[in-house]
Every structure is written in structure tokens, then in C-alpha cells.
Amino acid sequence: MIERVRGFRDIFGEELEKFNKIREVSREVLKAFNYKEVILPVVEYEELYKRSIGDFTDVVEKEMFSFTDKGGRRLALRPEGTAGVVRFFIENKLYYKRPYSKLFYEGPMFRYERPQKGRYRQFYQVGAEFFGVLEPISDLEIILISEEILKRLKVSYKLHINSIGCRVCRPKYLEELKKFLREREGFCKDCQRRREKNPLRVLDCKEKSCQVLVEDAPKIDDYLCKECKEHYQKLKELLGEFKVEFYENPKLVRGLDYYTKTVFEFEVEGLTVLAGGRYDYLVEELGGIPTPAVGFALGIDRLVPLIEPPKREEEAYLLVFFGNGNYRYLQRILNSLKPKKFEIYPKANLKKALSFANKEGFKFVVIIGEDEVKGNYITIKDMQRGEQKKVYML
RNA sequence: GAGGGUGUAGCUCAGCGGUAGAGCGGGGGACUGUGGAUCCCCAGGUCGCGGGUUCGAAUCCCGUCGCCCUCCCCA
């Protein structure tokens, strides 16, 4: 038997209903904030991701679905959405067309990593990007949208925010932090590796011993430049104004290199379900004219287990026909039922039909037997009440 | 990439060296046009896959693959 490929999955039934509910709610909210949808390719040049996400991030280094096509091009399945949107933004020179642009997308992303809870090799995201505005009001909008989506889905989350600085202050901080880490001994195996490559990660290592070592490490707050500090301060004020509850988390780090200043995560039961931040240099770095931006992405797959399935839609009718071959009569019934949701039971067996209707949750069973045909009526049985009545045809 | 768990009927699982089991579901019937209750009957699964040990393996050993969980990292 040929089975599913590792890390890939089929989505069906109630799971799919929840999946679609998340998509619908997300686009409802995004459209309300006047974001325009864009559908982008799943494949891009590998280079796009290397340059945006960062050559030495885990996502690029070991999780990319990259390959060479028959024309010798180095391509990759998109591991995330922002890079593609930015490529689109630049390729279409949207920065010349309007003062700012608000875009959203949804679809599958691919990462070659070990499958785990809430983690698949093909997973689905909805994301939004707000280009062209440097002011914290844009961060606020992105966070408000995120919050609105999660609220409508009725999940209870915790919002963590942080500022990781800009091209001016971040490098300075990282240097200091690395210096600090180099001078200590006794880190765990992971942290010894992280020290140089990903020093911020050392700060939230789970090992007790590392936590102790890191207690008086330099804090990003003390290194933020004036502009970053003001931006962060202003954002927090705005969040306060808008009654957005948040937790400042100086250890919050993102794994993608393009982030600057604000980063945030909505966390539910220990899993991040939605995350994002600013990326003020990415457009420029990928060849566009300098354009600040901020965005988020939510993981549909991670939200699915956390929400209630949508309520059953309209009531469905199950038709049972044993009218002695008088299909003309059946057809008349069908015409009058057209706007309703119905299904014809494929056997002329009332008992089985009722049992089936019961199991499948049909609200009504329409009985069309010989008596009905003869008397020019149909019998409609209400499966919940157990009552039935005759309805005469005109 | 590392560690742990697991893989037996559609589903949930029991069996743990001697001829494959239960519950649920599914199909049929008791009840020829009335369900959700009850009772009866049936289904027939390469025991993940490949090797090995053994007179004999679902049961032991090795390998392999999938799934789940943790770490790494991330939505």
C-alpha cells in the first residue's frame, strides 16, 4: 500500500470544517481592515529565502525543501510567506503606486523538519503584511487584527512582545552579549553552540544552570537606540490605549533574521499560534526602495485543535423513494426542494433510510412511497421530534 | 540531527513462545412502509516491513519504516 509521505497529512471531516472556519474568520477580519489578498507561488528561487530569512538560520540551513529543476535552477518550496510577498511587492513596484500597501495571503508552507505536535512538513498559514509605514500605529494595527481573529475564534491567548532593535543598535547589543557569554563557563551543550550562532537563544534556555549564568547578562533594553526605544515605548502606550493586554518578554526572539524592532507572539498552551514583527530593511535588502513593514502569520494547523467546530448549517433532507418506478413524481419533489440541502437514499428501504438518517444527522426524512404517489402528497418525518406529517403537492 | 514511547480487524485496544481475540463501528436478521432500545448471526486481519533465533514467533533478537512525545527550531 502506498501511504502518505512523512510529515504530510490529509485534512477531512470535522477537522476540515474547523480548518475552513479559521480561514474564513481570518479573511473576514483582514478584509474588514481593508487588506488585499494575493495568491503567490509555492515555489521561489532558493536565493530569496536565503537572503531574507538568513543563510544561517535553521529554517534555511536544515529545513528547506530545496531542489534543482530540470533547467538547473535552484528552487525551494516556500518555508514561510513574507519573503514571497516582499518579492511580489518589489517586482510590482507597489512602493511607487501608493503611500502604503496592505496585503494578505493564505496557503501551505513547507519545512523539512521532524513532525511533532502542531508541526507538519506541509502546514498552513494566513499572513498579512503592512508596507510603507514606520510609525508604531502600523504595529498596533497588525496586533489588533491578530487579536481580533483569535477572539472571534474564541481561543484564549497570551500576547508577548519585545523589541530587538534595529541595524544600529542590535549588532552592538549582540556583540556585548556574545562577549558576556564568552567570558562564562558551564553552559549546557546546546548553549555552547548557541553562544556564537544564536546568542539570544541562550537567554531562554530551559537548563537551570544556564539561567543562573545568564541572570546578569546585558539586556536589550539598555542597548536600544533612541529611535527604537521611542518606537517601543509608543507602541506600548498605544496597546494600553486600545486595551490590548500584553506581556513584555525581553527574551522573546524570532528565528528569522529579517525582524527589527517589534516582535510579538500569541501563545496558547505553550504553543505559538500566531507571530510576527517588523522588518524595516527587508524590502531594501531584496532590491526594492527602502520601505518599512510589519506583518504576522498564523498557523492554521495549530489553531485547529483549539477551536470549536462550526455549527451545522441548514437542516438536511433525506429522500426515500419507493414509489413503484414513478420517477416523474420524484422529479417534481426534487424541483420543489431545490434550494434545500438534500440527499436521495439510494435504496428503496425505509427502515434503513431512517437508521441512516439518524446516524448522519439528517433533520428530516421525506418519504415518497406508493401511497404518497397515489395520493399526490409526500410524508415528511421530523427525526428529532419523531413526528411526521403529510404535505400535499399542488 | 538527538532521546523516549509505540505499530495486532474500519476505530480503541487485549494477547507477549504453541492453531489470531474483545468492545465499538459495519453488514444481515428478529420487525415485507418507519430510526435512535433490545436480542441473534456474519464479517475473516501480509499481527507495519525485512531478516534472524526456535520443532514452532504477533509474542525473543537485529535492522528498517511510520506515528506520538521531548530537545533543537519554528506558525
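All heavy atoms count here, side chains included; hydrogens, waters and symmetry mates do not.
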Return the value, rounded to whole Å, for the distance between atom [atom1] of [X] and atom [atom2] of [N].
X      : N     : atom1 : atom2 : value
A/E360 : B/G35 : CD    : C1'   : 13 Å
A/R385 : B/G35 : CZ    : C1'   : 17 Å
A/L298 : B/A75 : CG    : C1'   : 8 Å
A/Y120 : B/C69 : OH    : P     : 8 Å
A/I307 : B/A75 : CD1   : P     : 20 Å
A/K390 : B/G33 : NZ    : P     : 18 Å
A/R6   : B/G48 : CZ    : P     : 19 Å
A/L350 : B/G35 : CG    : P     : 9 Å

Are the ring centres of [X] and [Y] closer than 6.0 Å?
X      : Y      : answer
A/Y281 : A/Y258 : no
A/Y100 : A/F131 : no
A/F266 : A/Y157 : yes

Using Watson-Crick or G-U wobble geometry with both distances below 3.5 Å, tell me the partner of [N], or none.
N     : answer
B/C11 : B/G23
B/C49 : B/G63
B/C16 : none
B/A2  : B/U70
B/C31 : none
B/G56 : none

Between [options], spot the one nearest the side chain of [X], thanks.
X      : options             : value
A/L354 : B/G35, B/G28, B/A75 : B/G35
A/K381 : B/U34, B/A75, B/A2  : B/U34
A/Q125 : B/A75, B/U70, B/G33 : B/A75
A/S355 : B/G3, B/G35, B/U34  : B/G35
A/E372 : B/A75, B/G33, B/C67 : B/G33
A/R119 : B/U70, B/C73, B/G33 : B/C73
A/I367 : B/A75, B/G33, B/C67 : B/G33
A/M383 : B/A75, B/G35, B/C72 : B/G35

Review point. Which residue lies toward the 5' end of RNA chain B, A/Q384 or A/G270, if each is placed at its nearest nucleotide?
Key: A/Q384
**Study point:** First encountered from the 5' end of RNA chain B, between A/K359 and A/L274
**Key:** A/K359
Review point. Does A/E183 CD have over 12 foreign heavy atoms under 6.0 Å away?
Key: yes
Point to revise | Exceeds 12 heavy-atom contacts within 6.0 angstrom, atom CZ of A/F342 | key: yes
Using a cut-off of 4.0 Å on non-hydrogen atoms, how would the nucleic acid contact of [X] be classed: base, sugar-phosphate, or nothing?
X      : value
A/F322 : base
A/D58  : sugar-phosphate
A/G276 : nothing
A/Q388 : base
A/G386 : base
A/N349 : nothing
A/E370 : base
A/G7   : sugar-phosphate
A/A357 : nothing
A/K351 : base

**Study point:** Check against side-chain hydrogen bond (donor to acceptor under 3.5 Å, both in side chains), A/S52 and A/E285
**Key:** CA-CA 8 Å; A/S52 54; A/E285 278 164 10; over 6 Å; no
Review point. Hey, does the side chain of A/K389 reach the backbone of A/K381 with a donor-acceptor pair shorter than 3.5 angstrom?
Key: no
Give me the distance, rounded to whole Å, that separates [N] from [M] when you measure between the [atom1] atoms they each carry.
N     : M     : atom1 : value
B/A9  : B/G5  : P     : 22 Å
B/U64 : B/C71 : C1'   : 24 Å
B/G17 : B/C60 : C1'   : 8 Å
B/G50 : B/C41 : C1'   : 40 Å
B/G4  : B/A75 : C1'   : 26 Å
B/A30 : B/U59 : C1'   : 41 Å
B/G18 : B/C11 : P     : 27 Å
B/G21 : B/U46 : P     : 15 Å

Check your understanding: Counting just side-chain N and O atoms, does A/K352 come under 4.0 Å of either OP1 or OP2 of B/G28?
Key -> yes
**Study point:** Those residues of residues 138-146 of chain A lying under 4.0 Å from RNA chain B by at least one heavy atom
**Key:** none
**Study point:** Aromatic plane relationship, A/F321 with A/Y327 - under 30° parallel, 30 to 60° tilted, over 60° perpendicular
**Key:** tilted
Check your understanding: Is there side-chain contact between A/F242 and A/L140, with at least one heavy-atom pair below 4.5 Å?
Key -> yes
**Study point:** A/L224/A/D221 under side-chain contact (heavy atoms from CB on, under 4.5 Å): CA gap, chis, key distance, verdict
**Key:** CA-CA 6 Å; A/L224 289 182; A/D221 256 13; 4.1 Å; yes
Check your understanding: Can you tell which of A/T262, A/D139, A/T260 makes a side-chain hydrogen bond (donor to acceptor under 3.5 Å, both in side chains) with A/R278?
Key -> A/D139
**Study point:** Side-chain-base donor-acceptor pair under 3.5 Å for A/Q116 and B/A75
**Key:** no
**Study point:** ILVMFWY cluster, A/L271 and A/L252 together (side-chain gap under 4.5 Å)
**Key:** no
Exercise for review: Answer yes or no as to whether B/A75 has its base stacked against A/F123, where stacking requires a ring-centre separation under 5.5 angstrom and planes under 30 degrees apart.
Suggested key: yes
